[in-house]
Amino acid sequence: QVQLVESGGGLVQAGGSLRLSCAASGRTFGNYAMGWFRQAPGKEREFVAHITWNEGITYYADSPSVVGRFTISRDLARSTVYLRMSSLRPEDTAVYYCAARRLSGGYYSTEVRTQAYDYWGQGTQVTVSS
C-alpha cells in the first residue's frame, strides 16, 4: 500500500533552516502531485506547496509566510520529496504533512484543498523557538 513517511522535523531557533523529507512508496507516482501541508495547534491544516512527480512543476501557497522561504523539490531516484525551509519563524511551528494526489486525466492542476489529496503521511513536528 502507499506509504508517505516524513522526517527531518525538530526544534530549531528562529532564523534557522530545516529540510523535511517525504519518502514515498507503494506505487508509481508518475501521475501524481506531491504536496506539503502544515497544521499549527488550534488551526486548520493549510497548504504549503506541491510538485508534480514527473515534470517537477511547483506551486506554492500564495502567502508571504511561504513565498521566498520555502522550496519544494523531489528526487526521483530516491522516491523522496523535500521541503526546504529557511529563515524560520516561531509562527512556522506546526506539524508538517506530506500528501499525494492523482492528477485528473494526467493533466496538471493546482490544488490546495486537503480533501483533494488521496494519501497522507503521519506528519513531522517542526518547532521554532524565538
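Identified under the disulfide bond (SG atoms under 2.5 Å apart) test for residues 54-86, with sequence neighbours left out: none. Sequence neighbours left out, not one pair with a member in residues 62-90 passes ring pair (Phe, Tyr, Trp, His ring centres under 6.0 Å). For residues 103-116, the pairs satisfying salt bridge (charged side-chain N to carboxylate O under 4.0 Å, His left out) are E111-R113, with sequence neighbours left out. Applying the disulfide bond (SG atoms under 2.5 Å apart) test to pairs two or more places apart or on separate chains, none has a residue in residues 41-78. For the salt bridge (charged side-chain N to carboxylate O under 4.0 Å, His left out) condition, the pairs that include at least one residue of residues 57-78, sequence neighbours left out, are R69-D92, D75-R78.
For the pair Q125 and A94, the tightest heavy-atom approach, listed with the atom from each and the gap, is NE2-O, 3.4 Å. Residues Y96 and L83 share a closest heavy-atom pair of CD2-CD2, 4.1 Å. Here the closest heavy-atom approach between residue R89 and residue V128 is recorded as O-CB, 3.2 Å. Of all heavy-atom pairs between V126 and M85, the closest is CG2-CE, 3.9 Å.
One hydrophobic cluster holds both W36 and L76 under the rule that ILVMFWY side chains link at heavy-atom gaps under 4.5 Å.
Partners of S63 by side-chain hydrogen bond (donor to acceptor under 3.5 Å, both in side chains), not counting sequence neighbours, listed by chain and number: S65. Legend: residues meeting side-chain hydrogen bond (donor to acceptor under 3.5 Å, both in side chains) with Q39, ordered by chain and number and at least two apart, are R45. Under the side-chain hydrogen bond (donor to acceptor under 3.5 Å, both in side chains) criterion, E46 pairs with R38, not counting sequence neighbours. Looking at residues two or more places apart in sequence or on another chain, you find no side-chain hydrogen bond (donor to acceptor under 3.5 Å, both in side chains) involving E44.
Side chain of T93 to backbone of P90: a donor-acceptor contact under 3.5 angstrom is found. Using a distance-only test at 3.5 Å, with no hydrogens or angles considered, a donor-acceptor pair links the side chain of E6 to the main chain of C98.
Using a 4.5 Å heavy-atom threshold, the side chains of H50 and T110 count as touching. Counting heavy atoms from C-beta outward, V12 and T127 have side chains that stay 4.5 Å or more apart.
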task: Begin with the C-alpha distance, continue with both residues' side-chain angles, and end with the deciding distance and a verdict on side-chain contact (heavy atoms from CB on, under 4.5 Å) for S109 and R101.
output: CA-CA 11 Å; S109 63; R101 65 177 172 95; 3.3 Å; yes
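Few gaps surround CD on E55; more than 12 heavy atoms of other groups in view lie less than 6.0 Å from it.
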Ignoring hydrogens and angles, write down the donor-acceptor pairs under 3.5 Å from the side chains of residues 20-32, residues two or more places apart or on other chains.
unit_1	atom_1	unit_2	atom_2	d
R27	NH1	Y32	OH	3.4
N31	ND2	L103	O	3.4

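Other members of the cluster containing Y108 are F37, F47, I57, Y59, V95, Y97, V112, Y117, W120, with ILVMFWY side chains joined at under 4.5 Å, either directly or via other members. L11 belongs to no hydrophobic cluster, as no Ile, Leu, Val, Met, Phe, Trp or Tyr side chain comes under 4.5 Å of its own.
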